[in-house]
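Start at 1 with the first residue, then count along the sequence. Counting starts at 1 for both ligands and their atoms, following the listed order.
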Amino acid sequence: MQIVILDTPEQVANYGADRFADQLKHKPDSVLGLATGSTPIALYNALIARVQRGELSFAKARTFNLDEYLGLAGTHLQSYRYFMNEHLFRHLDIDLANTAVPDGATEEPLAACDAYEAAIKAAGGIDLQLLGIGRNGHIGFNEPSSSLASRTRVKTLTPDTVKANQRFFEAGEFQPHLSITMGIGTIMEARQILLLATGEGKAAAVRATVEGPLAARCPASILQMHPKATLVLDRAAASQLEDVAFYQYIEQENQRLPGV
Ligand code: F6R
């Protein structure tokens with residue numbers, strides 16, 4: 001795992017935007033894996049600014065989102081499809097037909113999960129997958145105890161995750177407790193993974209991911225097994241890591257070895 005520690009959330013977002021821009025310049029028809037939540041918003045804003053300045057194009061890209069609430073149609077304000085349209089897609093030069101989010105309104109969730117896996121495969125697999133991380137170490141909606149080999153499927157959200165996401169729903173509004181999520185095995189097949197984490201609330205999960213044992217108890221710890229996973233952290237998210245000096249030393253050395 002590459003551990004990049006930066007001073008501010010803004011630097012984390014710009015680092016992430018640079019990685020996406022490099023990917024698209026190198027391969028304009030890249031297949032990108034995307035996430036929702038608070039963390040990627042600044043990165044998405046940075047990408048939008050680059051597209052609007054004419055520096056970057058998503059015209060040939062395809063995207064697959066990690067997850068969606070089961071029971072919400074894409075027109076629902078809290079659906080992840082709506083989030084992606086509002087926060088990213090409608091500001092880019094991407095063809096909406098080339099953007100995929102699991103179908104939260106499906107009547108046949110199991111078939112929809114299989115179809116999502118098949119669509120990723122048919123697109124040639126994901127080149128670069130963006131991840132956030134839950135306070136409990138979840139990635140996508142793969143909560144602790146998820147099989148580390150899991151595929152796209154229906155998952156029950158933990159009460160903590162439901163509570164953390166409650167802020168987005170009106171009082172008394174239906175809030176789903178089920179989701180469709182890419183599995184951990186699905187995520188691990190991406191050729192490169194970029195996980196962003198900012199804020200002290202993520203520090204314990206980041207520590208378990210980087211320095212804890214490989215364990216279903218912290219789903220993100222599976223990234224220890226990925227050959228090209230980068231964790232981009234601000235100081236607060238890195239604050240519980242024991243070996244910060246070592247990670248920074250490695251990064252300095254990496255900068256002396258272009259292409260590593
Ligand atoms: C969302 C997703 C989740 C979030 C995680 C962190 O698509 O996959 O795993 O990345 O819950 O969310 P924020 O960024 O809101 O802290």
Can you tell me the protein heavy atom closest to [atom] and the distance?
atom	result
atom 1 (C) of ligand 1	Thr36 OG1, 3.1 Å
atom 15 (O) of ligand 1	Ser38 N, 2.8 Å
atom 10 (O) of ligand 1	Gly132 CA, 3.3 Å
atom 11 (O) of ligand 1	His138 NE2, 2.7 Å
atom 6 (C) of ligand 1	Ile133 O, 3.4 Å

Subject >> Within-shell test, Lys202 vs ligand 1, heavy atom, strictly < 4.0 Å >> reply: yes
**OP:** Check if Arg167 has a non-hydrogen atom at a distance under 4.0 Å from any atom of ligand 1.
**Re:**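 Contact present.
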Subject >> Closest contact, heavy atoms only, Leu223 versus Ala229 >> reply: O-CB, 4.0 Å
Original post:
Should the pair Phe141 and Tyr69 be assigned to parallel (<30°), tilted (30 to 60°) or perpendicular (>60°) ring geometry?
Top reply: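 Plane angle between 30° and 60°, so tilted.
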Subject >> All ring-ring contact (aromatic ring centres under 6.0 Å, His included) counterparts of Phe20, not counting sequence neighbours >> reply: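 In terms of ring-ring contact (aromatic ring centres under 6.0 Å, His included), with neighbours along the sequence ignored, Phe20 is linked to no residue.
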Element-labelled atoms of ligand 1 that are located less than 4.0 Å from some non-hydrogen atom of [X]:
X	result
Thr39	13 (P), 14 (O), 16 (O)
Gly140	2 (C), 3 (C), 8 (O), 9 (O)
Asp67	1 (C), 2 (C), 7 (O), 8 (O)
Leu66	8 (O)

Original post:
Under the side-chain contact (heavy atoms from CB on, under 4.5 Å) criterion, do Arg81 and Thr99 qualify, and how do the steps go?
Top reply: CA-CA 9 Å; Arg81 160 55 78 182; Thr99 68; 3.0 Å; yes
Original post:
Gln175 side chain to Val162 main-chain N or O, any donor-acceptor pair under 3.5 Å?
Top reply: yes
Original post:
Would a distance-only check, ignoring hydrogens and angles, find a side-chain to backbone donor-acceptor pair under 3.5 Å from Asn98 to Thr63?
Top reply: no
**OP:** Inspect the surroundings of OH in Tyr249 and state if more than 12 heavy atoms from other residues, nucleotides or ligands are less than 6.0 Å away.
**Re:**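 12 or below, so no.
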**OP:** Step by step, work out the side-chain contact (heavy atoms from CB on, under 4.5 Å) result for Val51 and Leu47.
**Re:** CA-CA 6 Å; Val51 168; Leu47 290 175; 5.5 Å; no
